[in-house]
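Reading through the structure tokens given below for one structure.
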Amino acid sequence: LHGIWGLSIIARKDIEAIKPLVDLLGDNDPRVRELSAKMLGDLRYAPSAEKLVSLLKDSSLRARTFAAIALGRLKHKPAVAALLEMLKENDDKDAFVRHGAVMGLVGCADGDSLKPFITDSSKAVRLGTLLALRRLKDAKIAAFLADADPLIYAEAIRAIYDVPILGAMPALAAEIKRFGAEAGKNTNMTGLLYSRILQANYRYGSVANAAALADFAATSSASEEVRVNALEMLEKWEEPTEVDPVVGIYRPVPKRPTLGQDKNVASAL
């Protein structure tokens, strides 16, 4: 292990010094395999890519994880299929393996190549794809708002709002209409998830979003607390807080005319 570290330090000035680590990806000791994968990835040693792909099926889950992350750093596009298979085989049993596959996809794939897997039959593949699109800040993540699995749906809401992914924000704001009459029936929706949908309308919305908030407050079967929250947003419409009330970080948005002063808003309401 110390020899691997030593070679990786030398390779900062002479990249070919790290070449022996490619053969060590097939070593009998899993610690040697995983550390070799990590160093090859850290130093972006492209000739190791094919052997790193083979390591995605290694008996050691740590070796798989480091190989996936290394492939992401190498931006080795041919690894995408193997990374997706890794997600499917893991089936969300190990969060670290999933993270490795996601980081691999972030480096190796893009929104277009991941799009076909948004509707994959494997929940693990869909979740991994969602998390990769979140890191890529790709608006295609909005398609997950139609996912039937409540956990993936909730993860899509958090991803779009928390990052934020502005290209997908209109789709998130539109979810307020979905939870008009159905709000009280959806037991999977928490107060924070509702808050993200409401805030998507309030902080990033236009005239139509103000009207949607008013309609939600008046007709929704959501709890009184949630509906009152929607009304309070209308009251402060012209000057959203500079600190995002959901994630608690400084995230100012443009100020707007008051609802009473804006004739377009008044007519929409």
Side-chain angles (χ1 to χ4, degrees), residues 1-111 113-114 117 120 122-138 141 151-152 155 158-159 162-163:
L1 297 181
H2 282 80
I4 293 171
W5 285 318
L7 286 174
S8 67
I9 292 171
I10 296 171
R12 294 173 188 174
K13 293 185 177 180
D14 178 13
I15 191 62
E16 288 305 312
I18 206 173
K19 185 176 181 179
L21 271 59
V22 178
D23 291 334
L24 290 182
L25 293 175
D27 193 87
N28 291 329
D29 191 310
R31 285 285 285 119
V32 171
R33 297 197 299 274
E34 70 184 54
L35 185 58
S36 297
K38 183 180 188 304
M39 294 297 101
L40 288 164
D42 286 356
L43 290 163
R44 276 72 169 172
Y45 190 65
S48 65
E50 289 303 320
K51 282 203 172 183
L52 285 169
V53 172
S54 300
L55 208 63
L56 296 179
K57 292 185 176 294
D58 196 86
S59 58
S60 165
L61 296 183
R62 284 176 59 87
R64 293 186 193 187
T65 302
F66 281 115
I69 294 172
L71 286 163
R73 288 176 173 167
L74 291 173
K75 301 186 184 301
H76 187 62
K77 292 183 179 181
V80 171
L83 289 165
L84 290 164
E85 184 60 32
M86 179 176 163
L87 281 169
K88 185 175 182 179
E89 184 179 342
N90 181 55
D91 198 26
D92 285 334
K93 295 190 208 60
D94 191 303
F96 292 97
V97 172
R98 180 180 64 208
H99 172 72
V102 168
M103 296 306 293
L105 289 173
V106 170
C108 298
D110 56 26
S113 59
L114 291 174
F117 305 98
D120 195 90
S122 167
K123 175 185 173 182
V125 170
R126 297 201 310 277
L127 180 57
T129 301
L130 186 160
L131 294 173
L133 289 173
R134 171 179 176 144
R135 286 185 173 271
L136 291 168
K137 298 183 180 180
D138 194 297
I141 198 172
L151 293 178
I152 290 183
E155 192 64 40
R158 285 190 288 265
D162 294 5
V163 171

Could you tell me which non-hydrogen atom of [X] sits nearest to which non-hydrogen atom of [Y], and how far apart they are?
X: G104; Y: L83; result: C-CD1, 3.5 Å
X: A11; Y: L43; result: CB-CD1, 3.8 Å
X: L74; Y: S48; result: CD1-OG, 3.9 Å
X: L55; Y: L25; result: CD1-O, 3.5 Å
X: L84; Y: T129; result: CD2-OG1, 4.1 Å
X: I141; Y: A159; result: CD1-CB, 3.6 Å

[atom1] of [X] to [atom2] of [Y]: how many Å apart, nearest 0.5 Å?
X: K123; Y: L151; atom1: NZ; atom2: CG; value: 4.5 Å
X: L40; Y: K38; atom1: CG; atom2: NZ; value: 11.0 Å
X: E85; Y: S122; atom1: CD; atom2: OG; value: 9.0 Å
X: L114; Y: D138; atom1: CG; atom2: CG; value: 8.0 Å
X: L56; Y: M86; atom1: CG; atom2: CE; value: 6.0 Å

| request: Write out all pairs satisfying side chain to side chain donor-acceptor pair (under 3.5 Å) with one or both partners inside residues 99-109, taking only residues at least two apart or from two chains. | output: none
Just to verify, what does [X] make a salt bridge (charged side-chain N to carboxylate O under 4.0 Å, His left out) with, not counting sequence neighbours?
X: D162; value: R196
X: K88; value: none
X: R158; value: E155
X: D23; value: K51

| field | Check: R33 side chain, N28 main-chain N or O, donor-acceptor pair, under 3.5 Å | value | yes
| task | Step by step, work out the side chain to side chain contact (heavy atoms under 4.5 Å, CB included) result for M39 and L7. | result | CA-CA 9 Å; M39 294 297 101; L7 286 174; over 6 Å; no
Acceptor/donor pairs from residues 60-71 side chains to any protein atom, 3.5 angstrom cut, sequence neighbours excluded:
{"from": "S60", "atom 1": "OG", "to": "R62", "atom 2": "N", "distance (Å)": "3.4"}
{"from": "S60", "atom 1": "OG", "to": "A63", "atom 2": "N", "distance (Å)": "3.1"}
{"from": "R62", "atom 1": "NE", "to": "E34", "atom 2": "OE1", "distance (Å)": "3.2"}
{"from": "R62", "atom 1": "NE", "to": "E34", "atom 2": "OE2", "distance (Å)": "2.9"}
{"from": "R62", "atom 1": "NH2", "to": "E34", "atom 2": "OE2", "distance (Å)": "2.8"}
{"from": "R64", "atom 1": "NE", "to": "D58", "atom 2": "O", "distance (Å)": "2.5"}
{"from": "R64", "atom 1": "NH2", "to": "D58", "atom 2": "O", "distance (Å)": "3.1"}
{"from": "T65", "atom 1": "OG1", "to": "L61", "atom 2": "O", "distance (Å)": "2.9"}

| field | side-chain contact (heavy atoms from CB on, under 4.5 Å) involving D91 - partner list, sequence neighbours excluded | value | K93, A124
| Partner residues of D29 under the side-chain contact (heavy atoms from CB on, under 4.5 Å) criterion, sequence neighbours left out | D27, R31, V32
| Can you list the steps and then say if L87 with L105 is a side chain to side chain contact (heavy atoms under 4.5 Å, CB included)? | CA-CA 10 Å; L87 281 169; L105 289 173; 3.8 Å; yes
| salt bridge (Lys or Arg N to Asp or Glu O under 4.0 Å) contacts in which one or both residues fall within residues 69-83, not counting sequence neighbours | D42-R73
| task | Could you list all the salt bridge (Lys or Arg N to Asp or Glu O under 4.0 Å) pairs where at least one residue sits in residues 6-21, not counting sequence neighbours? | result | none
| task | Write out all pairs satisfying ring pair (Phe, Tyr, Trp, His ring centres under 6.0 Å) with one or both partners inside residues 24-60, taking only residues at least two apart or from two chains. | result | none
| Excluding sequence neighbours, so at least two apart, what forms side-chain hydrogen bond (donor to acceptor under 3.5 Å, both in side chains) with D110? | S113
